[in-house]
Asker: 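Encoded as structure tokens, here's the structure I'll be asking about.
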Amino acid sequence: MTFLRRTFVAMASTAVLCASFSALAQDIKPRLIRFGYGLNEQSNQGRAAKVFADEVARLSGGKMKVRAIGAAALGPDNQMQQALIGGAQEMMVGSTATLVGITKEMALWDTPFLISNTKEADILLDGPIGEKVSAKLQDKGLVGLAYWENGFRNLTNSKRAITKMEDMNGIKLRVMQNNVFLSSFQTLGANAIPMAFSELFSALETKTVDGQENPFNTILSSKFYEVQKYMTVTNHVYSPWIVTVSKKWWDGLSKDEQKVLSDAAKTSRDFERKDTRDEASKAMANLKAKGMEINELSPAEATRMRDKLTKVYALIAADVGMDLWNETQAELKKIRAA
Ligand code: TF8
């Protein structure tokens with residue numbers, strides 16, 4: 001990771017000179033950009049936010065300054081989204097799942113087992129389907145610039161090892177504030193409790209909830225291993241993050257300024273995905289070393305859970321619209337055949 005960062009910084013500084021020359025010829029004004037996010041600075045999200053900030057500085061010849069503010073210091077995802085819509089904050093990165101109340105099509109990404117590997121994720125999210133869903137934000141006062149990877153989600157809890165579906169019974173499980181997640185885990189028998197991420201660690205610590213689900217990276221960076229003994233590898237859904245801008249503010253930017261932000265969002269996306277995958281590949285061993293007991297589901301139990309979860313597909317298809325749902329299935333078929 002440090003190596004990755006150093007490579008990026010090195011690349012950034014060699015290019016800084018030509019970038020500032022070309023920035024002179026561009027229509028770029030001094031801008032201060034508050035870029036909020038929910039995880040801490042030492043997370044994959046925090047590292048990529050730093051790359052984004054460096055890249056914006058580089059491309060704008062230092063005129064556009066990103067102040068990256070993590071750990072939900074500007075509020076949980078929902079609150080930041082409203083601040084962006086109102087124009088009180090410029091940018092953020094957060095879960096697509098927390099945007100569903102604003103743009104219902106975002107629920108597509110909550111579909112359990114929709115995406116089965118990172119190749120599918122990248123092609124689907126960066127392709128026409130991802131663009132279409134992201135473009136829907138515009139009517140609601142937001143502009144989506146790029147999808148970053150949160151990752152495949154896994155279950156943790158402090159009660160017992162989950163080896164079969166029945167083990168979920170009665171587990172108080174925090175879920176994101178999102179209907180698909182709520183229904184999914186109710187369907188599996190858990191006592192699902194929607195809650196903002198920023199409240200999660202203390203809720204786990206005080207046993208207000210017994211468990212939660214998030215990718216390996218977050219379980220590590222948010223130190224959930226301190227308050228969660230058991231982890232079950234379920235990979236039940238691939239969660240994206242999305243970098244968003246206040247449309248109110250965006251509409252006042254020049255084309256050159258907009259391009260700086262779009263380009264930097266993509267550069268940071270590429271860094272972030274690589275960094276996240278790198279960290280995730282070592283996370284299981286790391287979490288074991290921290291004392292977590294990790295189990296995988298037997299193929300038979302995994303299939304049982306999967307079959308139950310596919311029951312929420314009808315709910316999602318109705319929410320996002322049958323056309324988008326069918327287009328997505330067709331696109332995935334194409335990706336899988338390629
Ligand atoms: C969750 C999400 C969060 C992200 C992050 C705050 O469980 O996975 O980790 O939304 O941006 O709430």
Side-chain angles (χ1 to χ4, degrees), residues 5 8-9 11-13 15-16 18-38 44-70 74 77 80-96 99 102-103 106 122 125-127 130-150 240-275:
R5 282 241 353 114
F8 261 74
V9 170
M11 277 166 50
S13 36
V16 85
C18 18
S20 23
F21 281 130
S22 64
L24 276 180
Q26 292 178 336
D27 182 7
I28 295 177
K29 293 191 183 62
R31 305 272 182 190
L32 180 67
I33 302 152
R34 283 157 297 180
F35 182 96
Y37 60 95
N44 51 342
Q45 200 173 47
R47 292 189 292 268
K50 180 81 176 54
V51 167
F52 175 74
D54 291 348
E55 189 64 6
V56 169
R58 182 179 83 79
L59 294 173
S60 68
K63 286 195 205 157
M64 298 168 78
K65 288 195 175 60
V66 174
R67 194 187 295 153
I69 306 165
L74 295 179
D77 285 8
M80 289 196 284
Q81 289 152 10
Q82 292 308 325
L84 260 62
I85 291 168
Q89 181 183 326
E90 293 75 26
M91 290 189 73
M92 66 173 285
V93 64
S95 197
T96 53
L99 275 166
I102 294 170
T103 297
M106 284 287 163
D122 294 355
L125 288 159
D126 300 344
E131 298 246 319
K132 193 177 221 173
V133 172
S134 173
K136 297 277 179 199
L137 291 169
Q138 298 236 6
D139 307 333
K140 305 291 159 98
L142 296 168
V143 178
L145 292 188
Y147 293 100
W148 288 1
E149 176 160 296
N150 187 351
W241 282 324
I242 188 165
V243 176
T244 48
V245 191
S246 159
K247 186 163 189 305
K248 224 178 195 175
W249 179 74
W250 174 263
D251 288 344
L253 298 179
S254 71
K255 287 278 161 295
D256 290 335
E257 290 166 337
Q258 291 178 347
K259 186 165 181 334
V260 165
L261 297 180
S262 307
D263 290 352
K266 294 201 174 70
T267 304
S268 57
R269 171 196 72 196
D270 296 344
F271 165 84
E272 194 269 349
R273 285 180 182 162
K274 196 167 181 312
D275 178 39

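All values reported here derive from a predicted model rather than from experimental measurement.
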Asker: Quick one: pull up CD1 in Ile69 and CE in Met80 and give me the separation to the nearest 0.5 Å.
Answerer: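 Between Ile69 CD1 and Met80 CE, I get 9.5 Å after rounding to 0.5 Å.
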Asker: Working note: Val133 + Met106, criterion side-chain contact (heavy atoms from CB on, under 4.5 Å); need CA distance, chi angles, decisive distance, verdict.
Answerer: CA-CA 6 Å; Val133 172; Met106 284 287 163; 3.8 Å; yes
Asker: Within a strict 4.5 Å, meaning less than it, do heavy atoms of the Val56 and Leu261 side chains meet?
Answerer: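 With C-beta onward as the side chain, the pair touches.
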Asker: To the closest 0.5 Å, what do you measure between CG (Leu84) and CE (Met92)?
Answerer: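 Rounded to the nearest 0.5 Å, the CG-CE separation comes to 7.0 Å.
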Asker: Minimum heavy-atom separation for Ile242 and Ser134, please, with both atom names.
Answerer: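 Scanning both residues, the minimum pair turns out to be CD1-OG, 4.0 Å.
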Asker: For a 4.5 angstrom cut-off between non-hydrogen side-chain atoms, does Met91 reach Thr244?
Answerer: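 They are not in contact (no side-chain heavy atoms under 4.5 Å apart), so the answer is no.
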Asker: Would a distance-only check, ignoring hydrogens and angles, find a side-chain to backbone donor-acceptor pair under 3.5 Å from Tyr37 to Gln45?
Answerer: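 Looks like no, no N/O pair under 3.5 Å.
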Asker: With a 4.5 Å cut-off on side-chain heavy atoms, are Arg47 and Lys50 touching?
Answerer: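 No. Closest side-chain heavy atoms not under 4.5 Å.
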Asker: Quick one: does Asp27's side chain have a donor or acceptor within less than 3.5 Å of a partner on Asp256's backbone?
Answerer: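 Absent.
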Asker: Locate the shortest heavy-atom distance separating Ser262 from Trp250; write the atom from each residue and the value.
Answerer: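 Heavy atoms only, the tightest pair is OG-CH2, 3.8 Å.
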Asker: Applying side chain to side chain donor-acceptor pair (under 3.5 Å), can you list everything that pairs with Glu272, at least two apart in sequence or on another chain?
Answerer: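 Glu272 satisfies side chain to side chain donor-acceptor pair (under 3.5 Å) with Thr276 only.
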Asker: Is there a donor-acceptor contact under 3.5 Å from the side chain of Lys140 to the main chain of Ile102?
Answerer: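 Checking the backbone N and O of Ile102 against the side chain of Lys140, a donor-acceptor pair under 3.5 Å is found.
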Asker: What's the shortest heavy-atom distance between Gly62 and Lys65, and which atoms?
Answerer: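 Gly62 and Lys65 have their closest heavy atoms at O-NZ, 3.4 Å.
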Asker: Which atoms form the tightest heavy-atom contact between Ala49 and Phe35, and what is the distance?
Answerer: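 In this case the closest contact between Ala49 and Phe35 is CB-CE2, 3.8 Å.
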Asker: Using a 3.5 Å distance criterion without hydrogens, assess whether the side chain of Arg58 forms a donor-acceptor pair with backbone atoms of Ala264.
Answerer: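 A pair under 3.5 Å: no.
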Asker: With the threshold set at 4.0 Å, does a side-chain nitrogen-carboxylate oxygen contact exist between Asp270 and Lys266?
Answerer: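 Judged by the 4.0 Å cut-off on N to carboxylate O distance, Asp270 and Lys266 do not form a salt bridge.
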Asker: When you measure from the side chain of Glu55 to the backbone N and O of Ser268, does any donor-acceptor pair fall under 3.5 Å?
Answerer: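 The answer is no, because no donor-acceptor pair under 3.5 Å joins these two groups.
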Asker: Is the backbone of Ile28 close enough, under 3.5 Å, to the side chain of Lys63 for a donor and an acceptor to pair up by distance?
Answerer: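 Yes, Lys63 side chain to Ile28 backbone: donor-acceptor pair under 3.5 Å.
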Asker: Do the ring planes of Trp148 and Trp241 sit parallel (below 30°), tilted (30 to 60°) or perpendicular (above 60°)?
Answerer: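 Perpendicular.
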Asker: Using a 4.5 Å cut-off on heavy atoms from C-beta on, say whether the side chain of Leu142 contacts that of Ile85.
Answerer: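 Of all side-chain heavy-atom pairs linking Leu142 with Ile85, at least one is under 4.5 Å.
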Asker: If you define the side chain from C-beta out and look only at heavy atoms, does anything of Leu253 sit under 4.5 Å from Val260?
Answerer: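 With C-beta onward as the side chain, the pair stays apart.
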Asker: Any donor and acceptor pair, going by atom type alone, linking the side chain of Asp77 with main-chain N or O of Gly38 inside 3.5 Å?
Answerer: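 No, Asp77 side chain to Gly38 backbone: no donor-acceptor pair under 3.5 Å.
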Asker: Could you give the distance from CD (Gln26) to OG (Ser254), rounded to the nearest 0.5 Å?
Answerer: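 Between atom CD of Gln26 and atom OG of Ser254 there are 8.0 Å.
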Asker: Which residues pass the side chain to side chain donor-acceptor pair (under 3.5 Å) test with Asn150, not counting sequence neighbours?
Answerer: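 Checked Asn150 against side chain to side chain donor-acceptor pair (under 3.5 Å); zero matches.
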Asker: Got a second to check how far Ser246's OG is from Ile33's CD1, nearest 0.5 Å?
Answerer: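 It comes to 11.5 Å.
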Asker: Are side-chain heavy atoms of Leu99 and Gln81 found at a separation under 4.5 Å?
Answerer: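 A side-chain contact under 4.5 Å exists here.
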Asker: How close do Tyr147 and Pro240 get, heavy atom to heavy atom, and via which atoms?
Answerer: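 Shortest heavy-atom contact: CD2-CB, 4.1 Å.
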Asker: Do Gln258 and Val143 have side chains that approach each other closer than 4.5 Å (heavy atoms only, starting at C-beta)?
Answerer: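 No, their side chains stay 4.5 Å or more apart.
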Asker: Of all residues at least two apart in sequence or in a different chain, which pass the salt bridge (Lys or Arg N to Asp or Glu O under 4.0 Å) check with Lys247?
Answerer: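 Once residues adjacent in sequence are excluded, the partners of Lys247 under the salt bridge (Lys or Arg N to Asp or Glu O under 4.0 Å) criterion are Asp251.
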Asker: Is there side-chain contact between Glu90 and Leu32, with heavy atoms separated by less than 4.5 Å?
Answerer: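 Counting from C-beta outward, Glu90 and Leu32 never come under 4.5 Å.
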Asker: CG of Leu125 to CZ of Arg273: how many Å apart, nearest 0.5 Å?
Answerer: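 Going from CG on Leu125 over to CZ on Arg273, the span is 6.0 Å.
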